[in-house]
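In what follows, a structure is listed as structure tokens, so that the remarks can point back to it.
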Amino acid sequence: MTNETVTLPERQKKPKWLRVKLPVGKKYTDLRGLVDKYKLNTICTSGSCPNMGECWGEGTATFMILGNICTRSCGFCGVKTGRPETVEWDEPEKVARSIKLMSIKHAVLTSVDRDDLKDGGSIIWAETVNAVRRANPNTTLETLIPDFQGNEKLIDRIIEVAPEVVSHNMETVRRLTREVRIQAKYDRSLGVLKYLKVNGMRTKSGIMLGLGETEEEVIQTMKDLRGVGLDVITIGQYLQPSKKHLPVKEFITPDQFKKYETLGLEMGFMYVESGALVRSSYKAHKHAS
């Protein structure tokens, strides 16, 4: 049995459920003005997130640290791959200032992979959380972290600063991991999430659909994640960033996303965000409470 899908011939338009409304409203307009004026680095704008207007309206935004060049070359990701730039040690204060200027109630921090650094970037990660807390004591935090190559000493730095939510994305099912994530490992990511949970963190992960996975594989991945105590799961549609990236094999229907949501809640997840336009930080503010 496979996902209930709509298979597209070449050049066929995206289905109607993938059409995005343009962001509107005073809150969005004001925040967009601040971002442009102060050149604030949000992944919301640089990643052209379809939920930007909705999230900003709820006081949520996502910030990427440690530069915009990744040491890994995942087949799905639009972030540039190569030799990263030197670490900016004043970045934590810059991020904290951005969050304060934007009056963000819930901030999501994420980063590129920095396998070139001995600490994997974990020191900047911890310092950024601390800086945000100093400048914005009422702002809740989610840290969407890399796997740090499974190094528990590096992951401990995240645990020690205790963000409200720690997220690490599985991205895809076991069979497709080598093709989709290349340098990542399915069981290593599961191990990271288990280690975080055992050490008292509220944990979260996300997967993308439409890369050729079957329904059984999606459900097994959900079971694997619940098996390591995962609290929150997001399930969304993969969209190809460019012709150089992996192609979309299928568009998953709204009914199928709803089915995964129902199954996930039955499995015991605290929150399940499942839909074509769902991204890692969608509705992130409610996951911290």
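Computed from a predicted model, the values in this text were never measured in an experiment.
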Taking C-beta and beyond as the side chain, do [X] and [Y] meet within less than 4.5 Å on heavy atoms?
X	Y	value
S167	H287	no
W125	P163	no
I124	P92	yes
I252	E213	yes
L154	Q149	no
K259	T262	no
L101	R97	yes

Quick check for you: to the nearest 0.5 Å, what is the distance between [X] atom [atom1] and [Y] atom [atom2]?
X	Y	atom1	atom2	answer
L209	E215	CG	CD	10.5 Å
I65	T128	CD1	OG1	4.0 Å
L193	M201	CG	CE	13.0 Å
T143	L109	OG1	CG	7.0 Å
W17	L277	CH2	CG	11.5 Å
L196	E152	CG	CD	10.0 Å

Please name the pair of heavy atoms, one in [X] and one in [Y], separated by the smallest distance, quoted to 0.1 Å.
X	Y	answer
F251	L239	CE2-CD2, 3.8 Å
I235	Y260	CD1-CB, 3.9 Å
V232	L230	O-CD2, 3.2 Å
G121	F148	C-CE2, 4.4 Å
T203	G229	OG1-O, 3.8 Å
H106	T140	ND1-OG1, 2.6 Å

List for me each residue that meets side-chain contact (heavy atoms from CB on, under 4.5 Å) alongside K286, sequence neighbours excluded, and say none if there are none.
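Partners of K286 by the side-chain contact (heavy atoms from CB on, under 4.5 Å) criterion, ordered by chain and then number, come out as Y271, E273, K283.
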Contacts of type side-chain contact (heavy atoms from CB on, under 4.5 Å), residue D90, not counting sequence neighbours
E88, K94
Sorted by first residue and then second, give each salt bridge (Lys or Arg N to Asp or Glu O under 4.0 Å) pair with at least one member in residues 197-206; sequence neighbours left out.
E142-K204, K197-D231
Which residues pass the side-chain hydrogen bond (donor to acceptor under 3.5 Å, both in side chains) test with [X], not counting sequence neighbours?
X	answer
N130	none
D187	R174
T177	none
E93	R134

Just one of Q220, M222, M208, E217 clears the side-chain contact (heavy atoms from CB on, under 4.5 Å) bar with V173, so which one?
E217
If hydrophobic clusters are built by linking Ile, Leu, Val, Met, Phe, Trp and Tyr wherever their side-chain heavy atoms come under 4.5 Å apart, do [X] and [Y] end up in the same one?
X	Y	answer
V165	M64	no
L265	V218	yes
L144	V161	no
V278	V108	no
V166	V112	yes

Would you sort out whether L225 and L190 count as a side chain to side chain contact (heavy atoms under 4.5 Å, CB included), showing the intermediate values?
CA-CA 7 Å; L225 288 166; L190 277 180; 3.9 Å; yes
For the backbone of L66 and the side chain of E91, can you confirm whether one donor and one acceptor N or O come within less than 3.5 Å of each other?
yes
Under 3.5 Å, side chain of S189 to main-chain N/O of M170, donor-acceptor pair present?
no
Full working for side chain to side chain contact (heavy atoms under 4.5 Å, CB included) between Y238 and L246
CA-CA 10 Å; Y238 167 66; L246 293 169; 3.9 Å; yes
Do you see a donor-acceptor pair shorter than 3.5 Å between the side chains of R279 and T62?
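No donor-acceptor contact under 3.5 Å links the two side chains.
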Assess the residue pair Y186 and T172 against the criterion (side chain to side chain contact (heavy atoms under 4.5 Å, CB included)); give the C-alpha distance rounded to whole Å, side-chain angles, the decisive distance to 0.1 Å, and a yes or no.
CA-CA 9 Å; Y186 187 88; T172 190; over 6 Å; no
Set of residues satisfying salt bridge (charged side-chain N to carboxylate O under 4.0 Å, His left out) with respect to [X], sequence neighbours excluded:
X	value
D119	none
E164	R133
R178	none
E160	none

Partner set under ring-ring contact (aromatic ring centres under 6.0 Å, His included) for H168, not counting sequence neighbours:
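Partners of H168 by the ring-ring contact (aromatic ring centres under 6.0 Å, His included) criterion come out as none, since no residue qualifies.
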Trace of the side chain to side chain contact (heavy atoms under 4.5 Å, CB included) decision for V95 with V132:
CA-CA 7 Å; V95 172; V132 171; 4.2 Å; yes
